[in-house]
Amino acid sequence: MKKRLVFVAWVISFVPLLVSGQDAQLTLDRIYSNEFRQSGLPALQWVDGGESYAVVEQNAEGLPEIAKYTTSSGERSLLVEGNQLIPNGENSSIGVESFDFSPDKTKLMIFTNSSRVWRANTKGDYWVLDLESGELSQIGADFPASSLMFAKFSEDQKKAAYVYHFNLYVEDLETGSVTQLTKSGGEEIINGTFDWAYEEEFGARDGFRWSPSGQQLAFWNFDISKVGTFYMINNTDSVYSELIPLQYPKVGQDPSSVKIGLVGLSGEEVHWIPLPGSSIQNYIPGMQWVDAETLLIQQLNRHQNKLTVWRYNVISEELKEVYVETEETWVDIYYPDVSAGGWEENDLKLVDNGTAFLRMTENDGWRHVYKVDIMSGDKTLLTPSEFDVASIAGMTEKELFFHASPDNTTQRYLYKTDIKGKGKISRLTPDELVGINLYNCSPNGEFAILTHSKALSPNTYHLIDLKNHEEIRTLEDNATYKGQLANLALPEVEFFLVTTDEGVQVDGRMIKPVGFDASRKYPVLFHVYGEPWGAVATDNFVGLWNIMLAQKGYIIIDMDNRGTPCLKGSEWRKSIYRKVGVINAEDQAMAGKAVLSKYSFIDPERVAVWGWSGGGSMTQNLLFKHSEIYKVGMAVAGVSMQLIYDNIYQERYMGLPQENLDDFINGSPISYAKNLQGDLLLVHGTNDDNVHYQSQELLVNELILQNKQFDMMAYPNRSHGIYEGPNTRRHLYTLLTNYLMEHVPVNE
């Protein structure tokens, strides 16, 4: 009996070790079980120039409320109580997805009950809350639920304007009367918002602007009648298939016709601004009011290598050229970067009391910020440095704050300089904050919200006093998530540089297997993207799937070739012009070859590559062109033929196929499908409105023609992100994991 008790005690003492060992290992079921949850920040807005900020929270009853915090002290007060968001006669809150203050801060415009339009939820319901009286009222209440877009207060906050079914409306907030300002909107005409291509490639969504006088609206008008219709098919929601039409301008096809209109509040005849050139062969990615008489309009030619900023006087109807920027390659409106966040309006940032604007440009070899005088067009260089500006983080009347990383493109830090152009640049981020540091600076330049992350550390959020970069308080430390990570068997992450045979120096990030032993050989999975829209070898959190693969015994490597938006100068980024699919694939392959040569612990017979979107295209190109390096490829949502992608993106980086068709053919993976030697998995959503399922079907046809065996997976009714529907993401990553483990086995 005594021996039995000793045995039981030993078993009991061993159980925690078993549990601990199990907890240290990730599985796909754990990853997708909601066990691991990073916390972010709720919607936050600076108030009173930055002396305070407002944020959506939940009260004890679970109702949304809006709190205001004094930035320096953290003192909390309630702007909106939970019960104020319950309409009369109702028993539930309207909810808050986002909110905006009226110009005098006496009212709130609340957006809720949203629905998706392409990528973003830009349709919904709008409510106005009077902060003084507490009155809550819905605007556009007679329209169908979740159908209004971009409701905004007039300058005197007596009216609100919005878009419904591609037309503009204005509503009197006192009387509730609604006036329809445009009547042409419908199947072929869009007023006040944008077509698919503008939203996808210029980030343009909100398509109208109140004049400062409150007497006019300036708006975009699109004629999409000549744009070709691509049909997606829903085969699963009915016994008969449903066609889903999408007006989508493909490479070489004309884009929508676009112009800028001005309309008064009575809905009188629209005045069209007479921009020069064809409304079809030019883009208008930006438009904004400077004052009650002046509009700034950004016009980009079809080749996207000439940007003109026009000044238009709505009284005299005089149109003047303010600024012209040209490139032999392309001119960027939005500069992709890990620090740039999501899409914003393409408005130029106004400084010097609205007499000048800021423009980032690459004309002198680096990405610099210039200040441009609106009347004279005179330019002042604000960042005279031998390094790139990554993105603008904020500005005041005296200072410009920006992200950069002169010595290491995998990281980001905060810098400031004088807005007058005196040229003194200083770094604000302390040396100990290694990694990715993203700042949302307050309007007064005294504070910032800092988001910090590293390869093995999730996002943390800190309120910073910028004067000495001292932390006022931590807003979210993700301590629970960090604790969960600490209990896992974690890999080592190493950043490295390799030089190709052509002398190109490529940055890389290597996640080593857990329990790494340099005397052994390990399989490697290269993760790729490789196009101008993103970098992958960055010092931010590597993610749970990568950690799980490292636990299984894989090396995971990310590398950034020429043409990616690394902070290595304009020549690095622009060298890919007319060579997408060629120079980037060659750099990746040669860098991969250098890695295999440099690190003896990588098994050259067990090499896989995978990527999504542009990374899917890269995966196809690498497998078809460089079978001597890559044995297995997993391509998700890739563009197999450049001639079927959208015109704004592909023509920006490749030119027009009417002028250089061979470049499009040479860069397309489908041209080399006949060379497939290894194992290929193709994955695509059938309702991908971005990279159409057509791309996969064309490649499949070519592989069949060439008698090449491969594997494929189609996700019904899923979009480019392949996430719609229950269990989709777990299924996708189970597919990828199983394929990898079957064809590139780990060490026994």
Trainee: With sequence neighbours excluded, tell me which residues meet side-chain hydrogen bond (donor to acceptor under 3.5 Å, both in side chains) with D418.
Mentor: none
Trainee: For the residue pair F387 and Y415, categorise the inter-ring angle as parallel (less than 30°), tilted (30 to 60°) or perpendicular (more than 60°).
Mentor: tilted
Trainee: From the options F143, Y126, F150, select the one residue that forms a ring pair (Phe, Tyr, Trp, His ring centres under 6.0 Å) with Y164.
Mentor: F143
Trainee: Any salt bridge linking D206 with R209? Criterion: basic side-chain nitrogen under 4.0 Å from a carboxylate oxygen.
Mentor: yes
Trainee: Ion pair present between R573 and D388, side-chain N to carboxylate O less than 4.0 angstrom?
Mentor: yes
Trainee: State which residues pass side-chain hydrogen bond (donor to acceptor under 3.5 Å, both in side chains) with S405; sequence neighbours excluded, sorted by chain then number.
Mentor: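 By the side-chain hydrogen bond (donor to acceptor under 3.5 Å, both in side chains) rule, S405 matches no residue at all.
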Trainee: Is a donor on one side and an acceptor on the other found under 3.5 Å between the side chain of R359 and the backbone of Y323?
Mentor: no
Trainee: Compare every heavy atom of I280 with every heavy atom of S257, then report the nearest pair and how far apart it is.
Mentor: CB-CG1, 3.7 Å
Trainee: Are R718 and E724 ion-paired here, with the side-chain N under 4.0 Å from a carboxylate O?
Mentor: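 A salt bridge is absent here (no side-chain N lies under 4.0 Å from a carboxylate O).
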Trainee: Hey, what's the ring geometry for W196 with W118, parallel, tilted or perpendicular (30° and 60° as the breaks)?
Mentor: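 Ring orientation, 0 to 90° scale: perpendicular.
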Trainee: Taking atom CD of Q658 as the centre, report whether more than 12 heavy atoms of other residues, nucleotides or ligands fall under 6.0 Å from it.
Mentor: yes
Trainee: Angle class for the F230/Y248 ring planes (parallel below 30°, perpendicular above 60°, tilted otherwise)?
Mentor: tilted
Trainee: Which atom names give the shortest non-hydrogen contact between L265 and T179, and what distance separates them?
Mentor: O-CG2, 3.8 Å
Trainee: Can you label the angle between the Y439 ring and the H403 ring as parallel, tilted or perpendicular, going by 30° and 60°?
Mentor: tilted
Trainee: Are more than 12 heavy atoms from other residues, nucleotides or ligands located less than 6.0 Å from atom NZ of K183?
Mentor: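 Counting other residues, nucleotides and ligands, NZ of K183 exceeds 12 neighbours.
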Trainee: Please determine whether a side-chain nitrogen of the Lys or Arg among D352 and K371 lies less than 4.0 Å from a carboxylate oxygen of the Asp or Glu.
Mentor: yes
Trainee: Looking only at heavy atoms, which two atoms of V582 and N666 are closest? And how far apart?
Mentor: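 Minimum heavy-atom separation between V582 and N666: CG2-O, 3.7 Å.
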Trainee: Determine whether a donor-acceptor pair (N or O, by modelled atom type, separation under 3.5 Å) exists between the side chain of Q299 and the backbone of W310.
Mentor: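 Judged by distance alone, no pair lies under 3.5 Å.
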Trainee: Using ring pair (Phe, Tyr, Trp, His ring centres under 6.0 Å) as the criterion, list what pairs up with Y231, not counting sequence neighbours.
Mentor: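 For Y231 there are no ring pair (Phe, Tyr, Trp, His ring centres under 6.0 Å) partners, ignoring immediate neighbours.
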Trainee: For D364 and Y370, what are the C-alpha separation, side-chain angles and deciding distance, and is it a side-chain hydrogen bond (donor to acceptor under 3.5 Å, both in side chains)?
Mentor: CA-CA 11 Å; D364 58 6; Y370 285 82; 3.2 Å; yes
Trainee: Less than 4.5 Å apart, any side-chain heavy atom of S668 and any of L643?
Mentor: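 SC-SC contact between S668 and L643 ruled out.
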Trainee: With a 4.5 Å cut-off on side-chain heavy atoms, are N221 and T182 touching?
Mentor: no
Trainee: T380 versus L382: any side-chain heavy-atom pair under 4.5 Å?
Mentor: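 Of all side-chain heavy-atom pairs linking L382 with T380, at least one is under 4.5 Å.
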Trainee: Can you tell me how the ring of Y577 sits relative to the ring of W330, calling it parallel under 30°, perpendicular over 60° and tilted otherwise?
Mentor: tilted
Trainee: For the residue pair L262 and Y312, what are the closest heavy atoms and their distance?
Mentor: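 Taking every non-hydrogen atom into account, CD1-CE2, 4.1 Å.
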Trainee: Where the side chain of H165 meets the backbone of G185, is there a donor-acceptor pair that is under 3.5 Å apart?
Mentor: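 Not at all, since once roles are kept as given, no pair shorter than 3.5 Å links the two residues.
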Trainee: If only atom types and distance count, is the side chain of E201 paired as donor or acceptor with the main-chain N or O of D646 below 3.5 Å?
Mentor: no
Trainee: Under 3.5 Å, is there a donor on one side chain and an acceptor on the other for Q247 and D195?
Mentor: no
Trainee: For D560 and Y529, which I'm curious about, is there any donor-acceptor pair between the side chains at under 3.5 Å?
Mentor: no
Trainee: Please assess N305 against E328 for the test side-chain hydrogen bond (donor to acceptor under 3.5 Å, both in side chains), listing each intermediate value before the final yes or no.
Mentor: CA-CA 7 Å; N305 57 12; E328 292 183 0; over 6 Å; no
Trainee: Under the side-chain hydrogen bond (donor to acceptor under 3.5 Å, both in side chains) rule, what do S391 and S339 come out as? Steps first, then yes or no, please.
Mentor: CA-CA 6 Å; S391 63; S339 67; 2.7 Å; yes
Trainee: Could you go through S385 and T383, starting from their C-alpha distance and side-chain angles, then the distance that decides it, and tell me whether this counts as side-chain hydrogen bond (donor to acceptor under 3.5 Å, both in side chains)?
Mentor: CA-CA 6 Å; S385 59; T383 57; 4.9 Å; no
Trainee: With a 4.0 Å cut-off on N to O distance, would you call R119 and E199 a salt bridge?
Mentor: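 A salt bridge is absent here (no side-chain N lies under 4.0 Å from a carboxylate O).
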Trainee: Yes or no on salt bridge (Lys or Arg N to Asp or Glu O under 4.0 Å) for K259 and D223, after CA distance, side-chain angles and deciding distance?
Mentor: CA-CA 9 Å; K259 54 188 177 181; D223 182 343; over 6 Å; no
Trainee: Are Q650 and F664 close enough that some pair of their side-chain heavy atoms sits under 4.5 Å apart?
Mentor: yes
Trainee: Does the plane of the ring in W533 sit parallel, tilted or perpendicular to the ring in Y334? Use 30° and 60° as the thresholds.
Mentor: tilted
Trainee: Q304 versus I648: any side-chain heavy-atom pair under 4.5 Å?
Mentor: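 The answer is yes, as the side chains (C-beta and beyond) meet within the 4.5 Å cut-off.
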Trainee: Closer than 4.0 angstrom, basic N to acidic O: yes or no for K379 and E325?
Mentor: no
Trainee: Using distance alone, with no hydrogens and no angle criterion, decide if E327 and N363 have a side-chain donor and acceptor under 3.5 Å apart.
Mentor: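 Side chains of E327 and N363: pair found under 3.5 Å.
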Trainee: Work out which heavy atom in P565 is nearest to a heavy atom in P336; give both atom names and the distance.
Mentor: CB-O, 3.4 Å
Trainee: Using a strict cut-off of less than 4.0 Å between a Lys/Arg side-chain nitrogen and an Asp/Glu carboxylate oxygen, indicate whether D332 and R367 qualify as a salt bridge.
Mentor: no
Trainee: Do other residues, nucleotides or ligands put more than 12 heavy atoms under 6.0 Å from the CD atom of E397?
Mentor: no
Trainee: Near K306 NZ, under 6.0 Å, is it more than 12 heavy atoms from other residues, nucleotides or ligands?
Mentor: no
Trainee: If you look at every heavy atom in I284 and W220, which pair is closest and at what distance?
Mentor: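 Reported closest heavy-atom pair: O-NE1, 2.8 Å.
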Trainee: Taking the side chain as every heavy atom from C-beta outward, state whether L217 and W210 have any atom pair closer than 4.5 Å.
Mentor: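 In short, these two side chains touch, coming nearer than 4.5 Å.
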Trainee: Give a yes or no answer on whether the side chain of Y283 reaches the backbone of V258 with a donor-acceptor pair at less than 3.5 Å.
Mentor: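 Answer holds: no.
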Trainee: Is it true that atom CD of E321 has more than 12 heavy atoms of other residues, nucleotides or ligands lying nearer than 6.0 Å?
Mentor: yes
Trainee: I'd like to know whether the aromatic ring centres of F194 and F202 sit less than 6.0 Å apart in this structure.
Mentor: no
Trainee: Measure the shortest side-chain to side-chain distance between V309 and L296 over non-hydrogen atoms and say whether it is less than 4.5 angstrom.
Mentor: yes
Trainee: Taking atom NZ of K568 as the centre, report whether more than 12 heavy atoms of other residues, nucleotides or ligands fall under 6.0 Å from it.
Mentor: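 Count over threshold, so yes.
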Trainee: Can you check whether G530's main-chain N or O pairs, donor with acceptor, with N561's side chain at less than 3.5 Å?
Mentor: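 Yes, because the side chain of N561 sits within donor-acceptor range (under 3.5 Å) of the backbone of G530.
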Trainee: Determine whether L348 and Q288 make a side-chain contact, defined as any pair of heavy atoms from C-beta on separated by less than 4.5 Å.
Mentor: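 Yes. Closest side-chain heavy atoms under 4.5 Å.
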